[in-house]
Amino acid sequence: MKKKFNLKDFFHSFRTRIAVLVLLVGVVPCTVFVVSFSSLYEKQSVNSDVNDLVEKGQILNKQIVSSGYLNQQESELVDNQLEVLSTSLSGRIMVVDNTLTIVKDTYNADEGKTIIWGNVVSTFQNKTTSLYDDENDYLVVTVPIKSDGDDDVLGVLVMNKTMSYIDTNLEFFQSLSIIMCLILYIIVIVLAMFTSNRFTRPFYKFCDLIEEVEKGASQEVVVFDDFTETKEVSEKMNSFLNRMRVVDESRQEFVSNVSHELKTPLTSMKVLADSLNGQEDVPVELYREFMLDIGEEIERETKIINDLLSMVKMDKAATTLNISPVNMNELIELILKRLKPIAEKQHVEVVLESFRPVTAEIDEVKFTLAITNLVENGIKYNKEGGWVHVSLNSDHQYCYIKVEDSGMGIPQESLDHIFERFYRVDKSHSREIGGTGLGLAIVKSAVSMHNGDIKVHSVEGEGTMFDVRLPLNYIAKEVR
Ligand code: ADP
């Protein structure tokens, strides 16, 4: 199904952002250049014209002074030069003497008149001035007329230049730049579309493949090596999918194990009940015997359910831990006291050896269950007159609990499996003594939850030792 267009998604999309970025990178510098070029060009042209006029004025200055032009002396050479210059400037030149009288005007309009203008007056103070009128397109430069090596200003040369060429040039430049910019904008838009599509294509392909995995049409996504990042993401995705597969398989196995385990006592009860129901005149003794068996099966079913519930609790996130400082010596003593009747029934001696007072930050309920399971196993899988030795020790960082027994031991090939759910070395024997195969899985979860670790050493026929190491201070793992 095609997705509905959403404006917010559109602006948040990677594709739009790349396109906008490319557009900005292409369009902004070009536009800034075109806009700023006009004013830069105008400024630069005026500056260069001012310098040019000052230079020309200085050349004329010498001839005006040497010809005595300011003192009413005729000079055809100066007149000619003034005319030539004013023609080349498409403007007007005036020569003003020290009484502010215009002695020469190339427009022949104001000769003999007095000029009172700030720039002319300033020039008599030995200053060169310039005025640019961009509205009317003219530039006026005034240059002092003075003798060589003398600072006395004898007169002022007023040069007026028409600047309409700036507008003409700018108009040409602007029409050219509009065409160039249009071409550039088209190129940039095409480039923006191409690059945004190129960069986002792997992500869309990736989404399609994930959809296929979701539908079950594929087991894993193809590794995209278009870019290093996409390659990394697809590889990570595959390892995640593999992990999910393993989790799913183990979940399925667990469900089938649970169903099997729960069904076994029910099947036995059904057989017992059927055989009673199928017989007429059943003797009371037989009833009693079968009912005892049914009772045992119910007890077994209850134990499996209780163990399952404990395990579910252990499987929950570590945030459900109820951590507090606990006196470990007292805790273990209490556990052993509770297990004493079972031990006595089995004629197994249980001994506690505490090397020092130990306080650790633990979830008392969950950790009690773990130690209880270990000691209970030591008793269950022991022989008549055997022993279980529990020791407690610590250093500045860890607490060490050892549960050692003189029991039947565990075969080497089973050692790697005993912490798996429902694993039992000898199914029938374990069942006989009320094992569910969940005890050590619960122990392992509880120890891991406390960031501890557990090791097992065993020699068949001699005994087993479980070694638990637990940090004294609980540090919650970072949730990522
Ligand atoms: P169960 O409920 O069957 O005891 P556990 O998970 O506690 O399940 O133990 C798994 C298996 O490991 C047991 O069935 C038993 O065969 C073996 N095992 C555990 N503890 C001991 C021990 N102390 N001595 C010998 N075998 C043990």
Side-chain angles (χ1 to χ4, degrees), residues 250 253-254 257-258 260-265 268 296-315 332 335-336 338-340 342-343 345-352 366-391 401-449 452-468:
S250 89
E253 196 189 317
F254 177 66
N257 281 341
V258 169
H260 177 77
E261 293 299 325
L262 290 175
K263 240 174 86 185
T264 315
S268 308
E296 270 172 24
E297 292 302 331
I298 291 173
E299 218 171 85
R300 182 168 166 69
E301 185 91 24
T302 313
K303 176 142 179 41
I304 296 172
I305 291 170
N306 284 340
D307 277 1
L308 279 171
L309 287 175
S310 306
M311 213 173 55
V312 170
K313 272 191 213 146
M314 295 290 175
D315 274 354
I332 294 176
I335 294 171
L336 299 191
R338 278 196 210 128
L339 291 173
K340 212 168 168 207
I342 309 175
K345 208 167 136 196
Q346 303 271 123
H347 304 288
V348 172
E349 189 193 8
V350 181
V351 187
L352 169 64
K366 291 191 172 95
F367 202 72
T368 300
L369 189 61
I371 301 298
T372 305
N373 281 353
L374 286 179
V375 181
E376 210 178 338
N377 277 354
I379 299 168
K380 273 193 317 194
Y381 301 103
N382 219 315
K383 54 185 182 232
E384 276 269 325
W387 49 261
V388 177
H389 185 194
V390 183
S391 78
I401 300 163
K402 279 193 180 112
V403 179
E404 206 174 344
D405 65 58
S406 60
M408 60 179 63
I410 302 167
Q412 287 304 305
E413 64 275 14
S414 296
L415 284 177
D416 285 343
H417 304 286
I418 52 169
F419 293 105
E420 289 167 14
R421 292 158 176 185
F422 296 113
Y423 182 84
R424 280 159 289 186
V425 175
D426 179 345
K427 266 200 184 242
S428 59
H429 179 247
S430 167
R431 194 173 139 69
E432 241 170 63
I433 55 177
T436 61
L438 292 172
L440 287 180
I442 294 171
V443 174
K444 176 97 182 166
S445 291
V447 172
S448 305
M449 269 180 141
D453 91 80
I454 180 164
K455 288 198 176 86
V456 56
H457 309 274
S458 190
V459 179
E460 245 189 303
E462 282 184 23
T464 306
M465 181 173 79
F466 286 95
D467 225 330
V468 177

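Scope of the values below: all heavy atoms of this structure, side chains included, with no hydrogens, waters or symmetry mates. Count residues from 1 along the sequence. Every number for a ligand or one of its atoms is a count from 1 in the order of the listing.
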Taking the side chain as C-beta and beyond, is there a heavy-atom pair between V443 and F466 under 4.5 Å?
no
Looking at CD1 of I418 and CG of L440, how far apart are the two atoms once the value is rounded to the nearest 0.5 Å?
5.0 Å
Which atoms from ligand 1 have a heavy atom of Y423 less than 4.0 Å away?
10 (C), 11 (C)
Pairs of nitrogen or oxygen atoms closer than 3.5 Å, one from F466 and one from ligand 1: do any exist?
no
Neighbour count >12 (heavy atoms, 6.0 Å) for atom CD, E299
no
Sub-4.0 Å heavy-atom approach of E376 to ligand 1:
no
Lys/Arg-Asp/Glu bridge criterion (N-O < 4.0 Å) met for R424, E261:
yes
Part of F419 with heavy atoms under 4.0 Å of ligand 1, whether side chain, backbone, both or neither
neither
Out of all atoms in ligand 1, which are within 4.0 Å of some heavy atom of V425? Include the element for each.
14 (O), 16 (O), 17 (C)
Heteroatom proximity flag, G437 to ligand 1, N/O under 3.5 Å:
yes
Note: heavy atom closest to atom 20 (N) of ligand 1, options L438, N373, N377, belongs to N377
Does any N/O atom on M408 come nearer than 3.5 Å to any N/O atom on ligand 1?
no
Numbered atoms and elements of ligand 1 in range of R424, under 4.0 angstrom, heavy atoms
3 (O), 14 (O)
Side-chain donor-acceptor distances from residues 406-415 under 3.5 Å, at least two apart:
residue, atom, partner, partner atom, Å
S406, OG, N382, OD1, 3.1
S406, OG, W387, N, 2.9
S406, OG, W387, O, 3.4
Q412, NE2, S458, O, 3.0
S414, OG, Y423, OH, 2.9

T464 heavy atoms within 4.0 Å reach ligand 1 at atoms 24 (N), 25 (C)
Looking only at distances, please establish whether an N/O atom of ligand 1 is found under 3.5 Å from an N/O atom of I410.
no
Would you please determine whether G407 falls within less than 4.0 Å of ligand 1 on a heavy-atom basis?
no
Are more than 12 heavy atoms from other residues, nucleotides or ligands located less than 6.0 Å from atom NZ of K383?
yes
What atoms of ligand 1 come within less than 4.0 Å of a heavy atom belonging to T436?
1 (P), 2 (O), 3 (O)
